[in-house]
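One structure is given here, and the rest of the page talks about it.
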Amino acid sequence: MLSSAYVWAKILNYLEEHMDAVTVSTWFDDVDIIELNEEQLIIHSPLEFHREIIATRYAGHIQDALKEIFNSDAKLIVFGEDELEVYRSKGAQKSSMDFNPQFTFDNFVVGPSNRFAHGAAIAVSNNPGQTYNPLFIYGPPGIGKTHLLYAIANEIRKGNPDTNVVYIKGDQFTNELISAIQSGKNIEFRNKYREADLFLIDDIQFIAGKESTQEEFFHTFNKLYEEHKQIVMTSDRKPGDMLTLEDRLRTRFEWGLLADIQPPDYETRMAIIKNKAISLALDLSVEICDYIAKNVTNNVRQIEGTVKKLRAYVDLNAMELTLENVARCISEMYKSEGNALPTPNLIISQVCSFYSVDEQTLRGTLRNKGTAEARQVAIYLIRKLTNLSTTDIGKELGKDHSTVLHSIKKVETALKTGDENLKNHIRDITANINSRL
């Protein structure tokens, strides 16, 4: 069966022949292939208006490409965030070869904040299993960690197409393990990961605090390491800051090389903006590039998303690229820094994931120790991280006002009296929530 990455590359070539490269780059360069089979091609873009444009304007072109190139009648489905979360919660994931071919070392903008990690990733791709094993890349969300993972996979696969590359996210590893235990397919689960030549795991921080997951990962890590198979991990924090991670795993994560990536500095942001503008045939003045670089500073994903949105505004609204228009657009695109709050659903989902409790149980009346603590922590974090009143929190979880107050007081008292275990749990869950924003 052809890999999804190969099929998608062929589709993009087809679209460029029937439209133009700028249009394809504008609307499709952040698209990920979620699943491909005989019946459907599922894709996802992190930007909602991109998903809408693809679904309304270009779905027919993609299905024409599938029909003409592969004689396939697979239906195109564009996932939104909710559909993607449901898909991931069921343990579904990328196959071993599904990596966006546009994520390469060549189009990774290098600056002082990421040069070390970039160099380490290249060294690993040139000599997998021998140099810097494991490679542990850490830093805030949206600054290029996953890009480097994909670049390593694409570079190694280019030299050796038969390499068994396996990619997984930390929370998906847990979901798959639970599914394997429930269905009695533990052996199949272990073989899938322990027979990898290149094992890539994104957001490894999500396995911290999960006893069975850490046990399984420990043995998987050992087997791959002993056989000189390359392991690359990414995280939003270094191993030493994962307070609920087992010491034996923390030690192994530090065996190889730790490489951090920080948000890009001004000069790197300018380079990213100019490169993206060139790829989208967008004529941005130095003054406009400077404005974007000084006002959009969080991460690479946000910077590139800003340029792409400007391209869309020009195409859809015939907007003139003046500094005044760009400033107005940017103010509409993003909330003021620090105002992005997590939703109660996001907090609840991360608490449930951490404690391995399903949401229905958390919202229910079960009172065993693990569920009660998870429920109290969820209430405490919703109060701490959102603007919801205690009454509104009660409505979210189906609890009365006195139960909400009791939960908040219980957690606060435990923290004040030095419950280090609970403190570490809350710290890790909060970090997991922030990494999803």
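No donor-acceptor distance shorter than 3.5 angstrom exists from the side chain of Asp32 to the backbone of Ile34, with no hydrogens or angles considered. Not one N or O on the side chain of Asn114 forms a donor-acceptor pair closer than 3.5 Å with the backbone of Ala117. Side-chain atoms of Thr234 come within 3.5 Å of backbone N or O of Asp203 as a donor-acceptor pair. Glu83 contributes a side-chain N or O that, together with a main-chain N or O of Gly80, makes up a donor-acceptor pair within less than 3.5 Å. Between the Asp400 side chain and the Thr403 main chain, a donor and an acceptor come within less than 3.5 Å of each other. Using modelled atom types, one side-chain atom of Arg363 and one backbone atom of Glu396 make a donor-acceptor pair closer than 3.5 Å. In this structure, Asn295 contributes its side chain and Tyr291 its backbone to a donor-acceptor pair below 3.5 Å. Within the 3.5 Å criterion, the main-chain N or O of Phe206 finds a donor-acceptor partner in the side chain of Lys210. Checking side-chain atoms of Thr343 against main-chain N and O of Leu346 turns up a donor-acceptor pair under 3.5 Å.
Going from atom CG of Leu148 over to atom CD1 of Ile143 covers 9.5 Å, rounded to the nearest 0.5 Å. With rounding to the nearest 0.5 angstrom, the OG1 atom of Thr417 is 9.0 Å from the CG atom of Leu422. Once rounded to the nearest 0.5 Å, the distance linking CD of Gln214 with CD of Glu246 reads 4.0 Å. Between atom NE2 of residue His147 and atom CG of residue Asn154 there is a gap of 9.0 Å, rounded to the nearest 0.5 Å. Taking CD1 of Ile43 as the reference point, atom CD1 of Ile77 lies at 10.5 Å (rounded to 0.5 Å). Rounded to the nearest 0.5 angstrom, Glu195 CD and Leu224 CG are separated by 10.0 Å.
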Go through it in stages, so that I can follow the logic: the residues are Asp202 and Tyr167, the test is side-chain hydrogen bond (donor to acceptor under 3.5 Å, both in side chains), and I'd like the CA-CA distance, side-chain angles, deciding distance and then a yes or no. CA-CA 8 Å; Asp202 225 344; Tyr167 169 94; 2.9 Å; yes
Go through the steps for Phe28 and Tyr58 under the test side chain to side chain contact (heavy atoms under 4.5 Å, CB included), then give the verdict. CA-CA 10 Å; Phe28 295 99; Tyr58 301 117; 3.6 Å; yes
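Considering all non-hydrogen atoms of both residues, Leu177 and Thr213 come closest at CD2-CA, 3.7 Å. Of all non-hydrogen atoms in Leu362 and Val357, the two that sit nearest each other are N-CG1, 4.1 Å. The shortest non-hydrogen separation linking Pro344 to Ile382 is CB-CD1, 4.2 Å. For Gly170 against Ile207, the heavy-atom pair with the smallest separation is O-CG2, 3.8 Å. Ala153 approaches Leu198 most closely through the heavy-atom pair CA-CD2, 3.9 Å.
A donor-acceptor pair shorter than 3.5 Å can be found between the side chains of Asn133 and Gln230. Counted by atom type alone, Thr104 and Asp106 present zero donor-acceptor pairs between their side chains at under 3.5 Å. Checked by atom type, the side-chain pair Tyr313/Asn325 shows no donor-acceptor distance below 3.5 Å. No side-chain donor-acceptor contact under 3.5 Å links Thr371 and Thr361. If you check the side chains of Asp171 and Ser353, you find no donor sitting under 3.5 Å from an acceptor. Gln262 and Asp260 share a donor-acceptor pair across their side chains, judged by distance under 3.5 Å alone.
At least one side-chain heavy atom of Leu243 sits under 4.5 Å from a side-chain heavy atom of Arg427. Looking at Lys423 and Asn421, their side chains never come closer than 4.5 Å, going by heavy atoms from C-beta outward. You'll find the side chain of Ser407 stays beyond 4.5 Å of the side chain of Arg375, heavy atoms only. Under the 4.5 Å side-chain criterion, counting only non-hydrogen atoms from C-beta, Phe116 is in contact with Leu257. For the pair Phe253/Pro134, no side-chain contact is recorded, criterion being any heavy-atom separation below 4.5 Å from C-beta on. Thr390 is listed as a side-chain neighbour of Leu405, based on a closest heavy-atom distance under 4.5 Å. Between Leu284 and Ile292, some side-chain heavy-atom pair lies under the 4.5 Å cut-off. Under the 4.5 Å side-chain criterion, counting only non-hydrogen atoms from C-beta, Lys276 is not in contact with Val109.
Ring orientation note: the planes of Phe136 and Tyr138 are tilted relative to one another, at an angle of 30° to 60°. Below 30°, between 30° and 60°, or above 60°: for Phe199 and Phe217 the angle between ring planes is between 30° and 60°, a tilted geometry.
Within a 6.0 Å sphere centred on NZ of Lys223, other residues, nucleotides and ligands contribute more than 12 heavy atoms. Enclosure of atom CD in Glu188 by more than 12 non-hydrogen atoms of other residues, nucleotides or ligands within 6.0 angstrom is indicated.
Legend: ring-ring contact (aromatic ring centres under 6.0 Å, His included) pairs involving residues 349-372, not counting sequence neighbours, sorted by first then second residue: Phe354-His425, Tyr355-His425.
A salt bridge links Asp428 with Arg237; the closest basic N to acidic carboxylate O contact falls under 4.0 Å. With respect to Lys294 and Asp290, a salt bridge is recorded, a charged nitrogen being found less than 4.0 Å from a carboxylate O. Under the 4.0 Å criterion applied to side-chain N and carboxylate O atoms, Glu412 and Lys409 are not assigned as salt-bridge partners. Between Glu216 and Arg194, at least one side-chain nitrogen of the basic residue sits less than 4.0 Å from a carboxylate oxygen of the acidic one, meeting the salt-bridge criterion. Under a 4.0 Å N-O distance rule, the pair Arg250/Glu254 does not qualify as a salt bridge.
Annotation: cation-pi geometry satisfied between Arg248 and Phe218 (NZ/CZ under 6.0 angstrom from ring centroid, within 45° of ring axis).
The aromatic ring centroids of Phe189 and Phe173 lie less than 6.0 Å from each other.
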